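A quick write-up on the structure given underneath.
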Amino acid sequence: MCEECDKSQDGQEQLHRLRHSLAHIMAEAVLELRPNAKLAFGPPVEFGFYYDFDFGGEPLGEADLPEIEKRMELILRKNAPFERGEMPLAEALAWFEERGETYKAEYARELVETGKAGGGSLSFYTSGGFTDMCEGPHLERTGQVPRGCFKLDRISGSYWRGDEKRPMLTRIYALAFASKDELKDYIARRKLAMERDHRKLGDELDLFIQDADVGVGFPLWMPNGTVLRDELEKWAKEEEFLAGFQRVTTPSVARGALYLRSGHLPYYKDSMFPPMLVDENDEYYLRPMNCPHHHKVYAARPRSYRELPLRLAEYGNDFRYEKHGSLSGLLRVRAMTMNDAHIYCTPEQVEEEFHSVIQMYQKYYAHLRLGNFRVRLSLHDPDSDKFVADHEAWDQSETAVRQVLHNLGVAYEEERGEAAFYGPKVDIQIKNLMGREETVSTCQLDFVMAERFDLTYADRDGQRKRPYILHRAPLSTHERMISFLIEFYGGAFPTWMAPVQVRLVPVSADFAPYAAELQERLCGDFFRVETDDSEESFNKKIRNAVTRKIPNVWVVGAKEQEDRTVTWRRYCVKEQVTVAFDKAFDALKDMRAARAMDNFADTALPLG
RNA sequence: GCUGGCGUAGCUCAGUAGGUAGAGCAGCUGACUUGUAAUCAGCAGGUCGGGGGUUCGAUUCCCUUCGCCAGCUCCA
């Protein structure tokens, strides 16, 4: 239950004990308020701990948290020891039955049946008047809990054993750290992080909106946000061109027959919008992904091995009926645009193609300076019916993908049951500000669809053979990628992406003509420039430019006009420099051409 | 979809123990013409998320619905 904690380090070990112990204390306090509540699980987690309860008909609200905290303090003051005990299964079950602890009883049975409970007996910890089945470890005494080191955070729901068909429990989350100061630090950092929430910044910087009449999960991209999409897309198209991809354009709607053939209808119907009935018995669907369309492009002509690898790319619009409660800003939407491509290749080409794709995402991530991700090798689960049954193919393809990661020296974690139904994949997982982890990029090896779509190529020996298919989306969807970029950059984009690349600020109206001349030069070279010709005070103009997080502010006044210079004020950089306009213009062009990440300190001052 | 919480002006928030609401910022108008993060004044802006109920009267109480937030489930 405690995988989240790294037990190898002493401090972590102690923190783990602390959180684990506090979970017991909290349960004891909660039981004082709700004696009939049933206990479920109460493990330590990344920033504290939680405990799940079934309150039956007498739920608890956030208003009750202070009372629980107060009772916890009283319990801690008693300085009771944590004492370990053991019970054989039968005795434990009787003990649970007496107390109506059905969840604990279920888990006890499972522990013994699966052999996880050593010697068939179960360990219990008692502190004061509270006893809980628990593996431990714990502190020695409740008095070892530092004063003020924890805080009950929030209440939410969770399913028993994570299964939506089983009872919904009430989860109380608490923050807990080794000291009061560390707790305060964490709370302060979390508050600061919230300032970078992409939904908040998206609104403040006019990047995107959502409208109830349009529908939830259907973001409307404002002009500023559309610049971000367009710049990413432009970059991707260049990279894909250089990597030998060809672009295709396919519709966002298709007949049901297409998804029956692909297998998406039986597998993913719940995640698709319901069909539109056109004529009799002719159903059309909004597409949840582009793959089947691309397969049809492949299938449209007889293919030769000479054409392979055939790489078809499209920034495709897709629609998924995500559950209402899982929608969140741009992070999880129902309409998205994906940096998609499918690579059709021979078995011999699989590793090299996969290798190149992973290198492409490494290039993107390094350039964008996204470092806070983990690589997941998503494997199938032989015990699940979610995956196509072909053990040999799974074996081969998983081995091939693992080999690619190994050859590239990529650090990764393997996870069972996370594969696509048609093959293994490599996923790039990023956590957002709230700690919610989502897949951004993915690269999948597909050994199924070529068969389903009867895709073939004529090989050197004249035989018709099945290609392998790689599905890849290194830049994810615009929606998800940009949500992470907004938060990671705090809304301060590098010049090449920035919605407004330069704002000209004349010191007074007298210098408007000079500013206009500069603006015309810059716009003529396709720079996104605007001049602040408002009648605000100069200070206010500077403030406005800064709060809009515009990367380059060029101030022009009397001396600039006379010397044909600009005073270049970079976003959040104190030093500024007055340079000849031509020189500044050239520097700007260089930054754009290199897609310089001038929103980072090391490249913040292009002129040294 | 489920559990809990929250919806007052474009934004951030105040307020009403039931008697139809107020500030700052943003916007508009005017004055000021400014050298590095908020010049001053005036004006305008809200069926207090929507619908129903209780009441002489509802933004306030009740029901319902929509939206938002956190978590669970699910997923790019």
Side-chain angles (χ1 to χ4, degrees), chain A residues 50 52 54-55 59-65 153-173 194 197 199-200 203-204 206 209-213 215-216 268 270-271 288-290 316 318 320-334 336-340 418 420 425 427-430 434-442 444 471-481 483-484 505-512 534-548 553 555-560 567 569 572 574 576 578:
Chain A
Y50 67 76
D52 287 342
D54 185 343
F55 288 117
L60 218 63
E62 272 174 25
D64 297 306
L65 295 184
D153 195 27
R154 50 177 55 117
I155 290 189
S156 65
S158 68
Y159 298 107
W160 169 236
R161 309 308 299 273
D163 183 344
E164 63 181 329
K165 292 184 183 63
R166 307 205 64 185
M168 170 65 72
L169 308 171
T170 302
R171 176 171 296 179
I172 304 179
Y173 278 97
M194 289 308 106
D197 188 312
R199 293 163 298 192
K200 182 175 152 70
D203 193 50
E204 288 172 4
D206 282 324
I209 58 154
Q210 304 230 26
D211 182 279
D213 284 343
V216 289
Y268 284 129
D270 286 349
S271 307
M289 64 278 294
N290 314 305
D318 299 310
R320 297 183 185 176
Y321 190 73
E322 295 289 344
K323 287 181 180 174
H324 188 277
S326 68
L327 300 172
S328 178
L330 294 178
L331 189 60
R332 187 78 72 86
V333 293
R334 284 176 170 171
M336 66 210 84
T337 307
M338 197 183 302
N339 170 232
D340 208 1
E418 295 291 344
K425 52 182 184 148
D427 295 315
I428 313 304
Q429 304 291 113
I430 294 191
M434 285 302 292
R436 180 161 152 174
E437 186 182 83
E438 297 278 3
T439 302
V440 196
S441 312
T442 183
Q444 314 171 348
H471 305 234
R472 44 112 277 176
L475 285 177
S476 187
T477 60
H478 278 320
E479 288 71 21
R480 192 166 281 181
M481 178 57 79
S483 82
F484 283 115
V505 179
V507 171
S508 81
D510 294 343
F511 312 108
S534 68
E535 295 183 3
E536 301 288 354
S537 66
F538 181 75
N539 280 347
K540 186 64 175 287
K541 290 182 184 185
I542 295 294
R543 178 183 163 82
N544 285 343
V546 173
T547 52
R548 296 299 287 188
V553 174
V555 175
V556 291
K559 64 180 158 57
E560 286 85 359
T567 293
R569 186 188 207 280
C572 276
K574 275 208 179 113
Q576 38 181 19
T578 300

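Naming: A, B, ... by sequence-line order, numbering from 1 per chain. Values in this document were obtained by computation on a predicted structure and should not be read as measured data.
- With both ends at atom P, the span from B:rA14 to B:rU8 equals 10 Å, rounded to whole Å.
- In this entry B:rU33 has no Watson-Crick or G-U wobble partner, no candidate having both defining distances under 3.5 Å.
- Closest approach of A:T439 and A:Q429 over heavy atoms only: OG1-OE1, 2.6 Å.
- A:D197 places a side-chain N or O within donor-acceptor distance of the main-chain N or O of A:R199, the cut-off being under 3.5 Å.
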Query - Candidate pair A:V546 and A:R569, rule side chain to side chain contact (heavy atoms under 4.5 Å, CB included), full reasoning - result: CA-CA 10 Å; A:V546 173; A:R569 186 188 207 280; 3.5 Å; yes

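- Across all strands, A:K559 comes closer than 4.0 Å to base atoms (heavy-atom distances).
- Across B:rC61 and B:rC75, the matching P atoms stand 41 Å from one another, rounded to whole Å.
- The partner of B:rG67 is B:rC6, by the rule that a Watson-Crick or G-U pair needs both atom distances under 3.5 Å.
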Report task. Determine, stepwise, if the pair A:E322 / A:M336 fulfils side chain to side chain contact (heavy atoms under 4.5 Å, CB included). Result -> CA-CA 12 Å; A:E322 295 289 344; A:M336 66 210 84; 5.5 Å; no

What does the list of N/O pairs under 3.5 Å between the protein and nucleotides 25-34 of chain B look like, with a distance for each?
{"from": "B:rA26", "atom 1": "OP1", "to": "A:K540", "atom 2": "NZ", "distance (Å)": "2.6"}
{"from": "B:rC32", "atom 1": "N4", "to": "A:E535", "atom 2": "OE1", "distance (Å)": "3.0"}
{"from": "B:rU34", "atom 1": "O2'", "to": "A:F538", "atom 2": "N", "distance (Å)": "3.4"}
{"from": "B:rU34", "atom 1": "O4", "to": "A:E535", "atom 2": "O", "distance (Å)": "2.9"}

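- Distance check on atom C1': B:rU65 versus B:rC13 gives 27 Å, rounded to whole Å.
- When the nearest nucleotides of RNA chain B are assigned to A:L60 and A:Y321 by heavy-atom distance, the more 5′-ward of the two goes with A:Y321.
- Comment: A:R161 does not engage A:D163 in a salt bridge, judged by the lack of any side-chain N to carboxylate O separation of less than 4.0 angstrom.
- Distance alone, capped at 3.5 Å, places no donor-acceptor pair between the A:T578 side chain and the A:T567 backbone.
- Between the side chain of A:R320 and the main chain of A:V333, no donor-acceptor pair closer than 3.5 Å is present.
- At the heavy-atom level, A:A558 lies under 4.0 Å from base atoms of the strands shown.
- Nucleotides B:rG18 and B:rA9, compared at atom C1', are 23 Å apart to the nearest Å.
- Side chain of A:R171 to main chain of A:D52: no donor-acceptor pair is present (N/O by atom type, distance under 3.5 Å, no hydrogens or angles).
- Proximity of a side-chain donor or acceptor of A:R548 to a complementary backbone N or O of A:R543 within less than 3.5 Å is not detected.
- Nucleotide B:rA58 forms no Watson-Crick or G-U wobble pair with any nucleotide shown, as no partner meets the under 3.5 Å limit on both distances.
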Report summary line: Protein-proximity profile, nucleotides 68-76 of chain B, B/S/- by nucleotide at the 4.0 Å heavy-atom cutoff, equals SSSBBBBBB

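- Nucleotide B:rC75 has no partner under the Watson-Crick or G-U criteria, as no pair reaches both atom distances under 3.5 Å.
- Remark: the separation of the P atoms in B:rC11 and B:rC48 is 15 Å, to the nearest Å.
- Panel note: side chain A:K200, backbone A:M194; no donor-acceptor pair is recorded below 3.5 Å.
- To the nearest whole angstrom, the two P atoms, one in B:rU59 and one in B:rG19, are 11 Å apart.
- Taking the C1' atom of each, B:rG5 and B:rU29 are spaced 43 Å apart, rounded to whole Å.
- Of all nucleotides present, only B:rC28 satisfies the Watson-Crick or G-U wobble test against B:rG42, with each distance under 3.5 Å.
- The gap from the P atom of B:rU36 to that of B:rG45 amounts to 38 Å, rounded to the nearest Å.
- Using a 4.0 Å heavy-atom criterion, one finds that A:E204 contacts no nucleic acid atom at all.
- Atom pair A:D52:CG and B:rG4:C1' shows a separation of 13 Å (rounding to whole Å applied).
- With respect to A:L169, the side-chain contact (heavy atoms from CB on, under 4.5 Å) criterion is satisfied by exactly one of A:W160, A:F55, A:Y159: A:W160.
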Report task. Scan nucleotides 10-16 of chain B nucleotide by nucleotide, 5' to 3', and note B when protein non-hydrogen atoms come under 4.0 Å of the base, S if they reach only the sugar-phosphate, - if neither. Result -> -------

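- Without hydrogens or angle criteria, A:R480 side chain to A:V440 main chain gives no donor-acceptor distance under 3.5 Å.
- Remark: side-chain polar atoms of A:E479 are paired, donor with acceptor, to backbone N or O of A:T337 under 3.5 angstrom.
- In this structure, B:rG22 and B:rC13 make a Watson-Crick or G-U wobble pair, each of the two defining distances being under 3.5 angstrom.
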